[in-house]
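One structure is given below, encoded as structure tokens.
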Amino acid sequence: MKKNYYITTPIYYPSAKPHMGHAYSSIIADFFARFKRIQGYKVFFLTGTDEHGQKIERAAKEQKKNPQEFCDEISKSFKDLTKILNLSNDDFIRTTEIRHKKAATNIWKILEKKGEIYLSKYSGWYSVSDEAFYSEDEIEEVNGVKQSLSSGSKVEWVEEESYFFKLSKWQKPLLEFYSKNPDFILPISRKNEVLSFVRSGLKDLSVSRKSFKWGIQVPNNKDHVMYVWLDALTNYLSAINYPDEGNINFKNFWPADLHIIGKDILRFHAVYWPAFLLAAGINPPKKVYGHGWILSGDQKMSKSKGNILDPIEIIESYGLDPLRYYLIKEVSFGNDGNISKDKLENCINSDLANNFGNLCQRVISFSEKNTDLMTANEISFIDDDISILSIYEKNFNRIIKYIDNQDINSYINFIVEQLFAANKYFNDQEPWNKKKNILRLNTIVYTTLELIRKVTILLYPIIPDTSLKVMSIFNTSDIKLETIINNEYIKKNTKLKKIDILFKKIEKNVN
RNA sequence: GGCGGGGUAGCUCAGUUGGUUAGAGCGCGGGACUCAUAAGCCCGAGGUCAGUGGUUCGAUCCCACUUCCCGCUACCA
């Protein structure tokens, strides 16, 4: 059986510095990538930057830089972010790279050759001040002047030569594709939106621009650059060496298993992208997941509201793993989520410090005082031990299913339940009252250590650094999912390593 | 306007293919313990499951209407 897994983040548009939304998409994708790796899959995890388009061209001009120079700087800040977030990405693609231009140009040529692209004119009511086209029913005439209904700004009839992609032709094939692949668009709530959009009819899509230069040149026509989305989406192919379809990476990893994206770019990924691919004779990806936004105090973060939480600042003051944990645990995946310092602090204190961190600490400390930090030489499980240890084996398939269904919340709920259960187990067994029964005392400690080991493996995709720190108790960095079904994995009669407190509690101001 | 999703404990959210006392975490009140980051464990308070009407032996879950919130309704990305 093929055990490859290709997962991507969006490629980020570097017209400004990275924000919480970028961090969120990346952390989620990294979570899946790390899980599939410990599950034994060969994973290709891709992220990068989308660097063409009018906005970039302008932003560069404002700063009196040439676009490439401008992109180099901002793309670097996204590349730096991958380190700050401890992403395990295998590659970082930039759409200004030669390898990408080759791929995008190739797709264009194929589409053109197959008659999927034709040259025509784009026309419509354009407002210069809004930088937007409006349809007939979005404008009104006041005193003989046409203007936008929404903004009231003056619109004028504009015609521009443009290449078009025959999107209309792909309406039916797309609908068929969706019904044959019911999991292609997730979550379901957003799938309905896409379906109704496609059902309502598709117009051919303008896929080139003449009004600016910063883009990939259309083959054999110097006046046009490719529409940024056709350019950008192709990154998922160029990173695995397309158009060299015989290449090992392409063979192993296409079609992609999962595109993680924000809900704002769902249409591009769920409609245009599969349409382009179907038209080019390439298989569409298996799944596109459009997650929600991270809000601050129930509102979108914005400078004017002064509610921006910068991921880098949060990490500097609270640490990376707490942020990763919070975003994965506290956000209902697929829906918009909320973050605030207060909520983050509560989460750190109750889940990470009191529950998980303290569990590790109490067992080590107990072992230090009673077993000289040695694991048992001999153990003898009783039913209480077996029944809690075997929970992992009993739920093994379910855990994998959670991940394959992108049911992140059920996954982490399982983990949290097990943390409570382990604490309860240690309490109920009262090892401090078993000092006269060394075998029993040793078995309780051993069992609890096993529980910690197992849950730490499940936590690894969420909080990788912390998990490795915990595994160092057992002098190992061996993290394999399959080992959670083993109840005697920790070496007997071995010295444990003491570790520092994992998460410090945050003192909160009363009132 | 059209299409779609949603309104469940103080807060954040699960859940019910209709069936005995509706769940979790956090927060709050009480208790027993002591290995631990005054952590953990146990017990408890707190909900007419948005409102009204209907189908049914029985509805939080199905249907209709009302009300409130949110998303999509194409070429900035």
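What's counted below: heavy atoms across the whole structure, side chains too, no hydrogens, waters or symmetry copies. Chain letters run A, B, ... following the sequence lines, proteins first and then strands; every chain starts at 1.
In a base pair of the Watson-Crick type (N1 to N3 plus N6-O4 or O6-N4) or a G-U wobble (N1-O2 and O6-N3), with each distance short of 3.5 Å, B/C13 is matched with B/G23. As the counterpart of B/U55, no nucleotide is assigned, since no Watson-Crick or G-U wobble pattern has both distances under 3.5 Å. With a cut-off of 3.5 Å on both pairing distances, B/U34 has no Watson-Crick or G-U wobble partner at all. B/A45 makes up no base pair with any nucleotide shown, lacking Watson-Crick or G-U wobble contacts both under 3.5 Å. Across all strands shown, B/U67 pairs with B/G7; the Watson-Crick or G-U wobble distances both stay below 3.5 Å. When both distances must be under 3.5 Å, the Watson-Crick or G-U wobble mate of B/G1 is B/U73.
When heavy atoms are screened at a 4.0 angstrom cut-off, A/Tyr227 is found touching the sugar-phosphate backbone but no base atom. Residue contacts shown for A/Leu502 include a base, since a base heavy atom lies under 4.0 Å away.
Between the side chain of A/Asn354 and the base of B/A39 there is no donor-acceptor pair of N/O atoms closer than 3.5 Å. A/Lys55 contributes a side-chain N or O that forms a donor-acceptor pair with the base of B/C76 under 3.5 Å.
Nearest-nucleotide mapping onto RNA chain B: of A/Asn423 and A/Asn335, the residue sitting toward the 5' end is A/Asn335.
In this structure, a donor-acceptor pair under 3.5 Å is absent between the side chains of A/Trp214 and A/Gln68. The closest side-chain donor-acceptor pair between A/Asp351 and A/Tyr325 falls under 3.5 angstrom.
Where stacking is scored as ring centres under 5.5 Å apart with planes under 30°, A/Phe366 does not register as stacked on the base of B/C35.
Other residues, nucleotides and ligands place more than 12 heavy atoms under 6.0 Å from the NZ atom of A/Lys213.
Residues satisfying the side-chain hydrogen bond (donor to acceptor under 3.5 Å, both in side chains) test with A/Lys369, not counting sequence neighbours, are none.
For the pair A/Ser332 and B/U12, the criterion of a side-chain N or O lying under 4.0 Å from OP1 or OP2 is not met.
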